[in-house]
A.B. asks: 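Questions regarding the structure given below will be posed in turn.
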Amino acid sequence: MKIHQIIFSPTGGTRRVSEILCQGIGKESVATDLCVKTSDIQLPNIHEDDLVVITMPVFAGRVPALAVERLRKVNPSKAKCVVVAVFGNRAYDDALLEMQDVATDIGFQVIAAVGAVAEHSIIRKYGKGRPDTNDEQTLRHFGADIMRKAEGNDCTMPKVPGNRPYKKGGKVPQPRGRGGCIRCGVCAKQCPVDAIQLSDPKTVDAAKCISCMRCVSVCQTGARNIGVVMNFLATQGLKKVCATRKENELYI
């Protein structure tokens, strides 16, 4: 049995959750990140006896449409899989159910699902430092439980929370370069949808941008952000729902 990680990780938190979960599974894994430029995607070679961990972030209660689009190009070979929705200490709403539906639709056998917390990709003080030490311990236990089920050839599908039709995704602010931008072009080189031009890295193509915050996370000077006003509004909007610590959840 080979372990595959298929991740869509713009800012690193989703990747970290996937890595910790796979540590608990206890076998070496191969990772494929779908949050790269189209030309850089190398789809995994999956076999029926493999276990696949599909880990994606939650954007306003939904899975990023681009992540779903790229996942649908993977050949599942009827392999067992785990779906993991990573959220910024607010809620994952219908994202986990959506992931399970998509994975099943393309031919995976979903045997487990996880809702996991990481640092919020826009307002970083919410979920700050997560996954932390307690999260790591919990996620490793989840991984061990998942591996026992996979090795036992139990392919029953877990019942996960969520609603159909899925909630309508909310509008997420788009970042752009501001004071302090040195026009290094790192943001443009790493944007997965080519929404930033090397010739003018301060701007963003609003029609292409998916608000994944990859450009913000890689900006060397902190010049790329959503702006003071939008930051304040987003902080206030999340203040109540993010006030208490949310925990990781396993459905198996």
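FYI, side chains are in, hydrogens and waters are out, and symmetry mates aren't considered; it's all heavy atoms of this structure. In this chain, residues are counted from 1 in sequence order. The model shown is predicted, which means the values in this text are computed figures rather than measured ones.
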A.B. asks: If every non-hydrogen atom of Val63 is compared with every non-hydrogen atom of Met99, which pair is closest and at what distance?
C.D. replies: CG2-CG, 3.3 Å

A.B. asks: Quick one: does Asp101's side chain get under 4.5 Å of Glu98's, heavy atoms only?
C.D. replies: no

A.B. asks: Heavy-atom distance under 4.5 Å between the side chains of Pro158 and Ile252, does that happen here?
C.D. replies: no

A.B. asks: Crowded around Glu151 CD? As in, over 12 foreign heavy atoms under 6.0 Å?
C.D. replies: yes

A.B. asks: Between Glu249 and Phe142, is the side chain to side chain contact (heavy atoms under 4.5 Å, CB included) condition met? List the steps.
C.D. replies: CA-CA 9 Å; Glu249 297 174 337; Phe142 287 177; 5.6 Å; no

A.B. asks: Which residues pass the salt bridge (charged side-chain N to carboxylate O under 4.0 Å, His left out) test with Arg72, not counting sequence neighbours?
C.D. replies: Asp105

A.B. asks: With rounding to the nearest 0.5 Å, note down the distance linking CG in Leu51 to SG in Cys22.
C.D. replies: 7.5 Å

A.B. asks: Are Val216 and Ile182 linked, directly or through other ILVMFWY residues, by side chains that come within less than 4.5 angstrom of each other?
C.D. replies: no

A.B. asks: Would the number of heavy atoms belonging to other residues, nucleotides or ligands and lying under 6.0 Å from CD of Gln42 be above 12?
C.D. replies: no

A.B. asks: Does Ile3 reach the side chain of Glu28, with side-chain heavy atoms less than 4.5 Å apart?
C.D. replies: no

A.B. asks: Of all heavy-atom pairs between Ala118 and Val17, which one has the smallest distance, and what is that distance?
C.D. replies: CB-CG2, 4.4 Å

A.B. asks: Side chains of Gln100 and Tyr251 only: does a donor on one sit below 3.5 Å from an acceptor on the other?
C.D. replies: no

A.B. asks: Look at the side-chain heavy atoms of Ile, Leu, Val, Met, Phe, Trp and Tyr, link any pair under 4.5 Å apart, and say whether Leu96 and Val84 land in one connected group.
C.D. replies: no

A.B. asks: Which heavy atom in Asp94 sits nearest to a heavy atom in Pro165, and how many Å separate them?
C.D. replies: OD2-O, 4.3 Å

A.B. asks: What do the steps show when you test Leu34 against Ile6 for side chain to side chain contact (heavy atoms under 4.5 Å, CB included), and what is the final call?
C.D. replies: CA-CA 7 Å; Leu34 300 180; Ile6 299 178; 3.7 Å; yes

A.B. asks: With side chain to side chain contact (heavy atoms under 4.5 Å, CB included) as the criterion, how do Leu71 and Phe8 come out once you've worked through the C-alpha distance, each side chain's angles and the decisive distance to 0.1 Å?
C.D. replies: CA-CA 9 Å; Leu71 178 62; Phe8 189 90; over 6 Å; no

A.B. asks: With rounding to the nearest 0.5 Å, note down the distance linking CD1 in Ile122 to CG in Asn225.
C.D. replies: 11.5 Å

A.B. asks: Do NZ/NE/NH1/NH2 and the carboxylate oxygens of Arg124 and Glu119 come within less than 4.0 Å?
C.D. replies: yes

A.B. asks: Do you know which of Pro10, Cys35, Ser9 makes side-chain contact (heavy atoms from CB on, under 4.5 Å) with Pro57?
C.D. replies: Pro10

A.B. asks: Is it possible for you to say whether Val30 and Ile146 belong to one hydrophobic cluster, with membership spreading through side-chain heavy-atom contacts below 4.5 Å?
C.D. replies: no

A.B. asks: Could you state whether Phe59 and Met230 fall into the same hydrophobic cluster, counting links through intermediate Ile, Leu, Val, Met, Phe, Trp or Tyr residues with side-chain heavy atoms under 4.5 angstrom apart?
C.D. replies: no

A.B. asks: Using a strict threshold of under 4.0 Å (side-chain N to carboxylate O), is an ion pair present between Asp132 and Arg245?
C.D. replies: yes

A.B. asks: Mind running side chain to side chain contact (heavy atoms under 4.5 Å, CB included) on Phe108 and Val74 for me, showing each step along the way?
C.D. replies: CA-CA 10 Å; Phe108 282 108; Val74 173; 4.2 Å; yes

A.B. asks: Is it the case that atom NZ in Lys167 sees more than 12 heavy atoms from other parts of the structure closer than 6.0 Å?
C.D. replies: yes

A.B. asks: Answer yes when Asp93 and Arg62 have at least one side-chain N-carboxylate O distance shorter than 4.0 Å, and no when they do not.
C.D. replies: no

A.B. asks: Do Ile7 and Val218 belong together in a cluster built from hydrophobic side chains that touch within less than 4.5 Å?
C.D. replies: no

A.B. asks: Rounded to the nearest 0.5 Å, how far apart are CE of Met157 and OG1 of Thr104?
C.D. replies: 3.5 Å

A.B. asks: Could you tell me whether Asp33 and Arg15 make a salt bridge, using a distance below 4.0 angstrom between a side-chain N and a carboxylate O?
C.D. replies: yes

A.B. asks: Would you please say whether a donor-acceptor pair under 3.5 Å links the side chains of Thr38 and Arg70?
C.D. replies: yes

A.B. asks: Which of these, Glu19, Lys2, Gln23, Gln5, sits in a side chain to side chain donor-acceptor pair (under 3.5 Å) with Ser29?
C.D. replies: Gln5

A.B. asks: Around atom NZ of Lys128, are there more than 12 heavy atoms of other residues, nucleotides or ligands at under 6.0 Å?
C.D. replies: no

A.B. asks: Which value, rounded to the nearest 0.5 Å, describes the distance between Cys191 atom SG and Asp205 atom CG?
C.D. replies: 9.0 Å

A.B. asks: Hey, is Arg16 close enough to Glu136 for a salt bridge, meaning N to O under 4.0 Å?
C.D. replies: yes

A.B. asks: Might you point out which heavy atoms bring Cys215 and Ile196 nearest each other, and give the distance in Å?
C.D. replies: CB-CD1, 3.7 Å

A.B. asks: As an exercise, state the distance from CZ of Arg224 to CE of Met213, rounded to the nearest 0.5 Å.
C.D. replies: 10.0 Å

A.B. asks: Shortest non-hydrogen contact from Gly162 to Leu97?
C.D. replies: C-CD2, 3.5 Å

A.B. asks: Has the side chain of Gln109 got a donor or acceptor atom that lies under 3.5 Å from a matching backbone atom of Lys78?
C.D. replies: yes

A.B. asks: With a 3.5 Å cut-off and no angle check, do the side chains of Lys149 and Thr156 form a donor-acceptor pair?
C.D. replies: yes

A.B. asks: Is it true that a side-chain atom of His120 and a backbone atom of Ile123 form a donor plus acceptor pair closer than 3.5 Å?
C.D. replies: yes

A.B. asks: Compare every heavy atom of Val204 with every heavy atom of Cys209, then report the nearest pair and how far apart it is.
C.D. replies: CB-CG2, 3.6 Å

A.B. asks: Do Leu139 and Val114 come close enough that some side-chain heavy atom pair is under 4.5 Å?
C.D. replies: yes

A.B. asks: To the nearest 0.5 Å, what is the distance between CG on Asn248 and CG on Leu21?
C.D. replies: 9.5 Å

